[in-house]
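Below, chain A is the first sequence line, B the second, and so on; all start at residue 1.
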There are 2 protein chains.
Amino acid sequence: MIMDDSKYDVLKIENQLCFPLYACSREIVKRYKPFLDQIDLTYTQYIVMMVLWEEKSVNVKELGARLYLDSGTLTPLLKKLESKGLLTRTRSDKDERNLIVTLTEAGEQLKEQAVEIPMQIAGCTNLTAEEGVMLYRILYKMLGQSAEK
Amino acid sequence: MIMDDSKYDVLKIENQLCFPLYACSREIVKRYKPFLDQIDLTYTQYIVMMVLWEEKSVNVKELGARLYLDSGTLTPLLKKLESKGLLTRTRSDKDERNLIVTLTEAGEQLKEQAVEIPMQIAGCTNLTAEEGVMLYRILYKMLGQSAEK
DNA sequence: TACAATTCAATTGCACACAATTGAATTGTG
DNA sequence: CACAATTCAATTGTGTGCAATTGAATTGTA
C-alpha cells in the first residue's frame, strides 16, 4: 500500500498558488530590465511613468491606489524621478496635504522611447494569446478582491 | 469618427500583463502576513522553511534554484533563521564551497504550527477551483521558460 | 467657532531582491 | 603537476516594499 501523502502536503511549495505568483512576478520584471536600462528606469519607476503618460498629472494618493503602493515607497521614488527632471512635485493649492505629480516635457519625450518596450517584451513570452487573456482576467479578479477591502 | 486608440495604447498599464502579476503577487503576500506573524516568519523566510520541511537539508545553490533567489538574498536571510534556531549552516566536507542548510529540531516543530496556514489562506481567495488550476498551470509554464535559460 | 477626528505625504526602521564584485575551493587542461 | 577557468557563498551598494509613526492641513461636530 502506497502512502505518499500526509497532512504536510499542503506545505509543499508545489501545492501553493502564491509561490509561482511571487516567483513569476520577479522573473518577468527581470525580463524587463535590459529594456528599461536603456531608458534608465527601474520597473517601479516605469509603472509610475506609465500612469503619468496617461494622466499627465496625479496626486500621490491616486498614484498609490493605481499601483497598489504607499507613500513609503512612492515618496523617495518620486523624488528620484523629479531629480531626473521627468516630473515635478507641487502641493495642491486647494488642499496643501495633497502633493501633485506632473509630467515634464522631458518626461513626455521619454514616452517616445518607452513605446518600443512593450513590443520587445511581448516577444519574450511563451504563452498563447488565450493563456495571456486568461491570466489577465484571473489576476484582475484577484486584484478586484483586494480593491474592495 | 471615434479615434480613441493610438500607438501609445501599449503603454497603458491596463494593457500590460506584467503589472497585475506584480501587484497580485504583493497583495497575496500581504494576505499571508497576519498568519505568518503568528509564527514570526516573513514570507521569504516561510518559503525557505517550506523547502527545508520537505528536504530536511539542502545547499544554498539548490535552495536558490528552487526559489529563484540568489545568495545575495539568501545569505542574510539564512543567518537570521539560524539565529532563531530553526536551521544550521555548515560547509560541506566534500566541497568546502558548498554551504549546507539543515533543519533543526525547533525548525521541525515549527512545521506543526505552519501546517495550519495554507488552509486559513485558502479561504481568503475569490477564485474558483478551475481558475486556481488554470492560474497555476499558466504561471508554471512561464516559470518553465525562465528555468530553461 | 473650538477642537477632536480624519486625511494626507513624509519619515523611520526593517526585510528583502538583485547586479556586480570578491575570494576561497575545486575542476579542467596542457 | 601547474595554473587558468569555473563554481561556490559572501559582500557591497542600490532600490524598492511596507508597517508604523509623525506632523501638517482639513473636516466634522458639539
Side-chain angles (χ1 to χ4, degrees), chain A residues 19 21-37 40-49 58-84 87-101 146, chain B residues 19 21-34 36-37 40-49 58-65 67-84 87-101 146:
Chain A
F19 173 70
L21 204 52
Y22 159 81
C24 234
S25 166
R26 288 183 298 111
E27 288 301 310
I28 303 296
V29 168
K30 230 178 282 183
R31 249 176 252 177
Y32 271 82
K33 190 167 188 306
F35 302 107
L36 292 176
D37 280 348
D40 191 32
L41 290 181
T42 64
Y43 182 73
T44 316
Q45 289 167 6
Y46 173 61
I47 59 175
V48 166
M49 291 306 294
V58 283
N59 68 40
V60 173
K61 183 183 163 62
E62 282 166 25
L63 198 54
R66 286 282 290 271
L67 303 178
Y68 299 85
L69 292 171
D70 71 2
S71 66
T73 301
L74 289 174
T75 296
L77 190 148
L78 291 171
K79 285 182 179 174
K80 216 164 298 171
L81 291 175
E82 184 183 39
S83 77
K84 288 187 189 181
L87 53 81
T88 58
R89 297 164 64 251
T90 36
R91 292 282 165 184
S92 165
D93 286 338
K94 290 179 191 160
D95 188 338
E96 295 269 343
R97 288 171 305 182
N98 283 275
L99 185 89
I100 302 176
V101 179
S146 287
Chain B
F19 173 70
L21 203 53
Y22 159 81
C24 234
S25 165
R26 289 183 297 112
E27 287 301 311
I28 303 295
V29 168
K30 229 178 283 183
R31 247 176 254 178
Y32 271 82
K33 188 166 190 305
L36 292 176
D37 279 348
D40 192 33
L41 290 180
T42 64
Y43 182 73
T44 316
Q45 290 167 7
Y46 174 60
I47 59 175
V48 166
M49 292 305 296
V58 282
N59 69 40
V60 172
K61 183 183 163 64
E62 282 166 24
L63 198 54
L67 303 178
Y68 300 83
L69 292 170
D70 70 2
S71 66
T73 302
L74 289 174
T75 296
L77 190 148
L78 291 171
K79 285 182 180 175
K80 216 164 299 170
L81 291 175
E82 183 184 39
S83 77
K84 288 186 189 184
L87 54 81
T88 58
R89 297 166 63 251
T90 37
R91 291 282 164 184
S92 165
D93 286 339
K94 289 179 192 161
D95 188 337
E96 294 269 343
R97 288 173 304 182
N98 282 273
L99 185 90
I100 301 176
V101 179
S146 287

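- Here the side chain of A:K33 pairs no donor or acceptor atom with the backbone of A:I28 at under 3.5 angstrom.
- Separating the CG atom of B:L67 from the P atom of C:dA15 is a distance of 19 Å, rounded to the nearest angstrom.
- Inter-residue side-chain proximity for B:R89 and B:L81 is flagged as unmet; no heavy-atom pair is nearer than 4.5 Å.
- Enclosure of atom NZ in B:K84 by more than 12 non-hydrogen atoms of other residues, nucleotides or ligands within 6.0 angstrom is indicated.
- Residues A:V60 and A:L74 come closest through the heavy atom pair O-CD1, 4.0 Å.
- Taking atom CZ of residue A:R31 and atom C1' of nucleotide C:dC18, one finds them 16 Å apart after rounding to whole Å.
- Under 4.0 angstrom from either OP1 or OP2 of C:dC16 there lies at least one side-chain N or O belonging to B:T42.
- B:Y43 and B:L36 get closest at one heavy-atom pair: CA-CD1, 3.6 Å.
- A heavy-atom distance below 4.5 Å is not found between the side chains of A:Y46 and B:F19.
- First and last contacting nucleotides of DNA chain D toward chain A (any atom under 4.0 angstrom from a heavy atom, 5' to 3' order): D:dG15 to D:dT26.
- Cation-pi geometry between A:R66 and A:Y68 is not met: the NZ or CZ atom fails to fall both under 6.0 Å from the ring centre and inside 45° of the normal.
- Helix-axis bend for the helix from C:dT1-D:dA30 to C:dG30-D:dC1: the local axis fitted to the five terminal pairs at one end deviates from that at the other end by 10°, rounded to 10°.
- Across the protein-nucleic acid pair, A:L99 atom CG and C:dT11 atom C1' stand 15 Å apart, rounded to whole Å.
- Heavy-atom distances to DNA chain D give each of B:K33 and A:Y43 a nearest nucleotide, and the one nearer the 5′ end belongs to A:Y43.
- Between B:K30 and A:D95, the residue anchored closer to the 5' end of DNA chain D is B:K30, taking for each the nucleotide with the nearest heavy atom.
- Rounded to an integer number of Å, the gap from A:F19 CZ to C:dA17 C1' is 14 Å.
- Formation of a donor-acceptor pair under 3.5 Å by the A:N59 side chain with backbone atoms of A:E62 is found in this model.
- A donor-acceptor distance shorter than 3.5 angstrom exists from the side chain of B:T75 to the backbone of B:S71, with no hydrogens or angles considered.
- Residues B:K94 and B:L69 both approach DNA chain C. Their nearest nucleotides, taken by heavy-atom distance, put B:L69 toward the 5′ side.
- For B:E27 (side chain) and B:C24 (main-chain N/O), no donor-acceptor pair under 3.5 Å exists by modelled atom type.
- Heavy atoms only, all atoms of each residue included: B:L63 and B:V58 are closest at CD1-CG2, 4.0 Å.
- Of the residues in residues 70-80 of chain B, those placing a heavy atom less than 4.0 Å from an atom of DNA chain C are B:D70, B:G72, B:T73, B:L77, B:K80, in numerical order.
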